[in-house]
J.: 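Let me give you the structure first, and then I'll get to my questions.
Computation of the quantities below employed the complete heavy-atom set of this structure, encompassing side-chain atoms and omitting hydrogens, waters and symmetry-equivalent molecules. Letters A, B, ... mirror the listed sequences (proteins, then strands); counts begin at 1.
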2 protein chains.
Amino acid sequence: MLHFNNSLFGGRFQSVLGIMSKGVNLRELSNRLNLSQTTVSRALNGYPEVSAETRKRVAEMADELGYAPNSQARRLATGRSMAIGHVIPRSIHEMMNPIFLEFIAGAGETYSKHGYDMIISVVEDDHEEDAYRQIATRKKADGVIVHGPAADEHRHRLLKEINLPFVVHGRIPGAESETTWVDMNNRRAFERATNLLLDLGHQRISLLNGLEHMDFARRRRKGFEDALAARGLAADNAIMRSSDMTEPFGCDNAMEMLKSDNPPTAFLVSSMISAIGVARAIGQCGLETGKDVSIITHDDALSFLPNSGEVPIFTCTRSSVRYAGQRAAELLLDIIASPQREPSSLHLDAELIIGQSTGPVPGR
Amino acid sequence: MLHFNNSLFGGRFQSVLGIMSKGVNLRELSNRLNLSQTTVSRALNGYPEVSAETRKRVAEMADELGYAPNSQARRLATGRSMAIGHVIPRSIHEMMNPIFLEFIAGAGETYSKHGYDMIISVVEDDHEEDAYRQIATRKKADGVIVHGPAADEHRHRLLKEINLPFVVHGRIPGAESETTWVDMNNRRAFERATNLLLDLGHQRISLLNGLEHMDFARRRRKGFEDALAARGLAADNAIMRSSDMTEPFGCDNAMEMLKSDNPPTAFLVSSMISAIGVARAIGQCGLETGKDVSIITHDDALSFLPNSGEVPIFTCTRSSVRYAGQRAAELLLDIIASPQREPSSLHLDAELIIGQSTGPVPGR
DNA sequence: TTGAAAGCGATACCAT
DNA sequence: ATGGTATCGCTTTCAA
């Protein structure tokens, strides 16, 4: 996975004077230049009042001595920590979610593009509030991303209280207009998916959802139920499940239902990982996915679970979490740059993509 | 996934004087106490020469005012950044690896336990060297973890050059004794797995390996080949593959091989994710995993892919990456605390666990 | 266009 | 046991 340009890594490192590793500071640099620290600082930070010639001299010497400003000092002086925090409570990190990783990857790209650091705090559940407070009082980060809002969410209140800028990945029910968030249209995605199944003649559809104390899962369920209701159908609790989205969650539940008296002819699943489990169960029952039993899954476009190709394996509602991460980070940096601005959120639509896992209901 | 204790989050936040959010600093705190900053600092940091009574007063007032030291200032004063860096080049983060996430989760636990921050830098490939240099010169972190060492690895040279403490997750061939690392015994794990298959009568075994410019993948291949050689067998390149360990990688290759003239009777796979793909292929060919075709996979004990239960789905070599993360972090903190110490590494053994995916070769 | 000097908020040495 | 003061390395106001 790691490739190196040999011209960079293979050769000897340019330590002509052993200076590169010494760590020159601003004072030494300005001494060498017979300039004040002020001027050097200005030159390096692109202030306009520096003469072109001076700026050039400074840049060259800085380069030669391998100068880079000490971030702690700069942060102390400017009062900005140039870092964004992500707090992961144990309850979320125990079932360490690949979706989180993909989001982080996206956000991280944005951060480094803007010179920000990403700091991740893994904390015990009962220290989460503490973690946020410490980020604020100790000035560890200029803002945070709130992950996985619950249906009954409170973190935004704390964050407003302690005046820590934040962006929510997902939405906080009842606080949509007073917070900045990036979310996909979960309800609509699952409504569309359900309609597709209904159009294919499926009437008995199982919902394998994420944990329904989470906002996103509630919305998905709503979309599912809305679509059924629109055709005068009711959801059957006997074939609806809600859990962490693991592979066995999909397999075990699908297996159980398929063996029951009144098995579903289709599954609507909240995650590719569980969908893979469902497919396994279908196979183990001697049935064929997309023919005997249909599956639609949400696809977060995780890089290690590609579901693309001409005809994707799974029919899916797709929305890139990585992209969401990039955009959420951008919004947060905006807020930090101009705190007075009105909250502006981003509602992403999922694509409904036809793959190999759906077909008309058998015997139709 | 997120549970909150309502007594913490549900109620109103204690902003009795609006002070909590103000951010008191050391000077204000010491003024309020009629003590010098020196004494207050000492009291808070547990220095012995402070009277018990003073210490108590200080602690109480600090608590009341919600004082917490500004980390930037402290870092500047102490010269320690109290942070560990993880650099992720794009080549690794494009195929964003869940294994990385799990490792991070483990390391993160250790960091917060010791008051360290974890900072993650997502960088373009050709900026990786730069990223490390900047961490060193700008003093962004006190040390770094090196992820995914290649067979032809150079980062350790750079890190020694710039004097940045580090621990390797995995091993750097040829530098085992001069670096501190945490790795599992890849060669032995795959040797044992292969032996198990051979004992079951399998002679035609396919290897679906990770990218073989990575050290871990080479070692696994070695283990595989060693085991075959010990019984006078040779590996057949026609049924060996090496790639990013995605689900389709497993499925597509297994499918192709199973349909060939001389199909393998067993698969040795480097990752659960790909193993799931293999299982899917087997199902699609109308065969049964563990009966018609056997699979042994390496299991990194990823939380969203549990492979436990009385009889796990997959027979596997298992080693917890999360644990590796914890230990690697501990070793790094040790090094930082006492830099002169000899490098001491950790070689973890994988367990070989029998699951449902293996059985005697058919027709035996 | 350049520089002197005052912060930023802690720690730590040297006195007392 | 407590306090004064220099220091960490940078930014930024104010002067020149």
J.: Which is it for B/Lys56 and B/Glu60 under the salt bridge (charged side-chain N to carboxylate O under 4.0 Å, His left out) test, yes or no, and what are the steps along the way?
T.: CA-CA 6 Å; B/Lys56 185 155 164 285; B/Glu60 284 172 0; 3.4 Å; yes

J.: What does nucleotides 6-16 of chain C look like as a protein-contact string, B for base, S for sugar-phosphate only, - for none, at under 4.0 angstrom between heavy atoms?
T.: -BBBBBBB---

J.: Go through the side-chain N and O atoms of B/Arg75 and A/Asn70 and say whether any donor and acceptor fall under 3.5 Å apart.
T.: no

J.: For B/Ser71, which contact category applies under a 4.0 Å heavy-atom criterion: base, sugar-phosphate, or nothing?
T.: nothing

J.: Would you find a donor on one side and an acceptor on the other, under 3.5 Å apart, between the side chain of A/Arg171 and the backbone of A/Val182?
T.: no

J.: With heavy atoms of chain B within less than 4.0 Å as the criterion, where does contact along DNA chain D begin and end?
T.: D/dA1 to D/dG9

J.: Atom CG of A/Leu333 and atom CD1 of A/Ile84: how far apart are they, to the nearest 0.5 Å?
T.: 5.5 Å

J.: Between B/Thr179 and B/Ala175 (side chain of the first, backbone of the second, donor and acceptor by atom type, cut-off under 3.5 Å), is there such a pair?
T.: yes

J.: Is the distance from the ring center of B/Phe166 to that of B/His156 below 6.0 Å?
T.: no

J.: Does one side chain, of B/Tyr47 or B/Arg55, offer a donor that lies under 3.5 Å from an acceptor on the other?
T.: no

J.: A/Ala329: what forms a side-chain contact (heavy atoms from CB on, under 4.5 Å) with it, not counting sequence neighbours?
T.: A/Ala107, A/Thr110, A/Tyr111

